[in-house]
Amino acid sequence: MQYDHKGIEEKWRAEWRKRGTYRVENDMSKPKYYVLDMFPYPSGAGLHVGHPLGYIASDIVARFKRHSGFNVLHPMGYDSFGLPAEQYAIQTGQHPAKTTEVNIARYREQLDNIGFSFDWDREVRTSNPDYYKWTQWIFLQLFDSWYDHEQRKAKPIAELVQRFAQWGWSGGDAGALTGDVEEELGPFTANDWNAFEERAQQRILQNFRLAYLSEAWVNWCPALGTVLANDEVKDGVSERGGHPVERKRMPQWSMRITAYAQRLLDGLDALDWSESIKEAQRNWIGRSEGALVKFKLKEVAGDIEVFTTRPDTLFGVTFVTLAPEHELVEVITPPDRREEVMAYVTTAKNRSERERMTEVKRVSGVFTGAYCIHPFTGKEVPIWVGDYVLGGYGTGAVMAVPGGDQRDWNFATHFGLPIIAVTEGADIHKEADERKDATISSEGFLKGLKVPDAIKRAMDELVKLGAGERRINFRLRDAAFGRQRYWGEPIPIYYKDGVPHALPESELPLVLPEVDKFLPTEDGEPPLARATNWSYNGHPLETTTMPGWAGSSWYFLRYMDPQNEGRFASADAINYWQQVDLYVGGSEHATGHLLYFRFWTKFLNDRGWLPFDEPAKKLVNQGMITAFSERILLYRIGGSGESRGTSFILYGDGTKDYRPITLSQSVQQFLSSDLHEKYFKGKERDHYVEVNIPTECVHDDVVDIPAMLRIRPDLNDAVFIASHGWYWHGHNQWDIERNELVVGQSSSFRFTSVKEPLIEKMSKSKYNVTNPDAIIEKYGADTLRLYEMFLGPLEQSKPWDTNGIEGTSRFLKKFWNLFYESDVYSVSDEAPTKAEFKALHATLKKVTEDIERMSFNTSVSQFMIAVNQLGELKCHKRDVLEPLTIALAPFAPHIAEELWSKLGHTDSVTGAKWPQWDAQYLVEDNFSYPISFNGKTRMQLEFPIALDAKSVEAAVLANPEVQSRLEGKMPKKVIVVPKRIVNIVV
RNA sequence: GCCCGGGUGGUGAAAUGGUAGACACGAGGGACUUAAAAUCCCUUGGCCCGUAAGGGCUGUGCGGGUUCAAGUCCCGCCCCGGGCACCA
């Protein structure tokens, strides 16, 4: 009987569902193992072969752990709130819940086809009210908490209120406050507090709550009409869609993640996560140790506080620079400078983040006219404003040391400010000296000290003078939490007299209301403001919704107890399942999800809801599956800007006056044209259009135009030269360096690639996706699973190449054939031979070790080796095939299940005990030693394995061939590495 | 600029300091077949010697070093991928 993947796979998937094979109970009597995948956002495009890579890996581990006696939690769900569904809704009017539903059904179907061992009874969806009830509940806990920096722990806000009522607040107690404080918060006494109106009290408390409302600088994206968190902005544009982002000050819900900065940093050391992810998080948190230095103002009372990591360079300070946003700018500027300074501040503030970034090189600033006093020398130091100083970091002011900091040097040079050399051997005429192993040379008590010693000395002095203190700064910002959007969790807050109040727990879930349109209101309010009666007891409800990362920051807990109505998960369930043992997902979440995930876990732990404070012990990042893309280069005829209804040809000169010409002529013309000139100078890009075309329409660098137009009707209006059904193209035909095009035979319209093939991320919009359904249809899910694992190391990104799949497909057929002789099922109970046992146990050993290391590509190779060996031995024996079937089951569950039942078992192979390998079968009778003379291998000799190194040495030297090589001389040295090699040094 | 990864055949890749290139794809040759598909066998890093059996040299980005022995360890470069970035 032939291996019929379709019949087998369908049969077993139905059977697993019927039997509930993968249902998991919270069975406390068994050891647990929790394998979690990052759940997907169900997009309209469906899955491509890149998506399941991590799921397959985690499924193998989950199945392996089941065979090894663990009670395995291996769930799946959907991160189903998000932007694309909402944007689709805006365009079509279709409710996002509907499209989400449809997309989930499609995802489920595709996932099911791959044969995962998920327990679907535990599925979660973040957009489901039963789920987001608890997301809202956690939000309320955060709202109800403050961070006690002395005990490094979040506590109920009621405790803080009690403290205030009893002791008041000492105000500027540095370090007790973190994050973006709405206003400078002065000290107050207990009596003050008790006398405050509730409104004022609540206002103060906002400065302490972990979820808080404040007037804050936010990343505002006008195109998306919403605020974005820092990790959602890349290079000044939105991560989704690439729209420009500006800084804007507005009332905003935020999460005080900064309170946890140090703990998020410290916690990394103990985690079994990849070094690159940990490093990315460390960078993002950006801890730096330094000093807070106070410069007394000359004209008015008060100080300018600056943060520096280099107090050793204090004697090199020649000016102080404030960020344009700095509140002192207005205070200190004398009236005669006011106009000029404020004009600068206004333009600087209005420059978008993107402009500011792209114009990093441009130096701009203005002198305020005011001075401050140097804490060591007592000299006057001029105060400048410059936009190279960031308002959001440190104190928003820096002491400028042009001799020791390149940015200060640039500023000083531009404005002709004095530059003092701070280090020995520095050439301050050319650049600043930023070396951290130099010796201080500036006049003063630090002269002659090495930088590290000078830092200590300067620090001590600052503390003594009361002019500064040690300070640790973090780059991490509080996370913007409110989104001006519809498709997200409503924030359970109502406003009484403009003061935010928590909605009572009994009112949860606060269900997303129906609205007539998913757009902002005419006066710019978020979509929820369109809902009728969006209020609680007559008080208006919050109209922004939570960001995408809210629901995904705690979902691993819900899987433990998904139906619980009274708690996000029962204490018993949490105590049993504990942390995720293995978390698998993409590395693109390094500074987003994975940080928030850890933050919420730490918070819930602080408040006593969890017995652990890190969500996942081990994290593995699967690499991206990339794909070859096919592009053609088109030149647009006509003016710029019109993208629709425009004709395309290979060559156009920017006018409508063109004539079709032969390919080689057009190429020649193009190359000699000034358009080409212009294009490569980066100008007139409007004429140049690079279009991704479906990879399946390209064969041997020749494009099948009719087929392409069926998939890309948007190109229907294009005119193609030589469009007799075929069209030339190549991978990146233009060699920009050599500035030439390599043309094959002009008659066949073929191009030879001059550059590497184009490899990019698999994506629907790039027309380079491979759908797993098509692969499964042709080869089966088991083949797909094996092939995805075989492609290469899990963590590495690698290009998909469907051709290679034949190898794994052949392997499964060969494996199947071990159970058959001339198409008749035949497995004998005969005792296996030594060689057969060896093939089996070598495989068991390698596969067992490989799964522990998550090195699946090498396991698959080992299976192939075993099947080749057993095929050659014509081994059809139960004692070999049965353990091998169990070992293969995690990788290829369907075929394993079928063969398991053929072996006479009525239960699922899932319950079979993992076969142990036995070293006795791997021991050889003899060993072939390569004999090297002076490191060059000359001959092989065989010896019994039992010989020790000394005996081998003696036997080798006694060998006549060796003796003839030695020509009677005694070797200087003989090295025998047991069972490996003999090296003779002559 | 700083911080992490990584560089091995035509390709994806293996290799506790111990015979580099396992396994697979692709390519070439052959068997079976009326033919095709499927299957099976042989060759396949490069160069060289030999009719053949076989043998030699060379080879893991580049240059040094440690070692009997280096893809692997150390030092210095080059290149590629990723993270952070006017962060003081």
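The sequence lines fix the lettering, A, B, ..., with proteins before strands; numbering per chain opens at 1.
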Got a donor-acceptor pair under 3.5 Å from the side chain of A:N983 to the base of B:C68?
yes
Does [N] pair with anything, Watson-Crick or G-U wobble, both distances under 3.5 Å, and if so, with which nucleotide?
N	result
B:C40	B:G30
B:A52	none
B:U60	none
B:C68	B:G18
B:G10	B:C25
B:C84	B:G1

Using a heavy-atom cut-off of 4.0 Å across all strands, would you classify [X] as base, sugar-phosphate, or nothing?
X	result
A:N868	sugar-phosphate
A:L791	sugar-phosphate
A:R282	nothing
A:N857	sugar-phosphate
A:V398	base
A:K436	nothing
A:P799	nothing

Measure from [atom1] on [X] to [atom2] on [N] and round the result to the nearest Å.
X	N	atom1	atom2	value
A:K813	B:A37	NZ	P	14 Å
A:I865	B:G21	CD1	C1'	13 Å
A:M789	B:G12	CE	P	18 Å
A:I285	B:A85	CD1	P	13 Å
A:E953	B:C68	CD	C1'	12 Å
A:H589	B:G82	NE2	P	17 Å
A:D850	B:A22	CG	P	17 Å
A:F891	B:A24	CZ	C1'	16 Å

[X] side chain, from C-beta outward: closest of [options]:
X	options	value
A:R407	B:G83, B:C40, B:C86	B:C86
A:F790	B:G12, B:C87, B:G5	B:G12
A:N283	B:A88, B:C3, B:C68	B:C3
A:I975	B:C84, B:C86, B:G18	B:G18
A:W284	B:C25, B:C84, B:C4	B:C84
A:Q940	B:U19, B:C84, B:C25	B:U19
A:S288	B:A88, B:A22, B:U39	B:A88
A:V977	B:C40, B:C4, B:G18	B:G18
A:Y388	B:C4, B:A15, B:C86	B:C86
A:N803	B:C25, B:C23, B:C40	B:C25

Mind checking the [atom1] distance from [N] to [M]? Whole angstroms is fine.
N	M	atom1	answer
B:G21	B:U11	C1'	13 Å
B:G59	B:A20	P	12 Å
B:A14	B:G9	C1'	13 Å
B:C80	B:U43	C1'	34 Å
B:G61	B:U72	P	8 Å
B:C73	B:A37	P	47 Å
B:G26	B:C48	P	29 Å
B:U67	B:C74	P	16 Å

Below 4.0 angstrom, N of the basic side chain to O of the carboxylate: do [X] and [Y] qualify?
X	Y	result
A:D850	A:K845	no
A:K950	A:D948	no
A:K973	A:E953	no
A:K6	A:E777	yes
A:K436	A:E434	no
A:R407	A:D405	yes
A:R853	A:E849	no

A:E279 or A:M864, whichever maps to the more 5' nucleotide of RNA chain B:
A:E279
Along RNA chain B (nearest heavy atom to each residue), the more 5'-positioned of A:K798 and A:T808
A:K798
Any [X] side-chain nitrogen or oxygen under 4.0 Å from OP1 or OP2 of [N]:
X	N	result
A:Q796	B:A13	yes
A:Y393	B:A88	yes
A:R810	B:A38	no

Assigned glycosidic conformation for B:G9 [threshold 90° from 0]:
syn
Specify whether A:F863 and A:F811 have parallel, tilted or perpendicular ring planes, treating 30° as the upper limit for parallel and 60° as the lower limit for perpendicular.
tilted
Kindly assign one of parallel, tilted or perpendicular to the pair A:H374 and A:F315, based on the angle between their ring planes and the thresholds 30° and 60°.
parallel
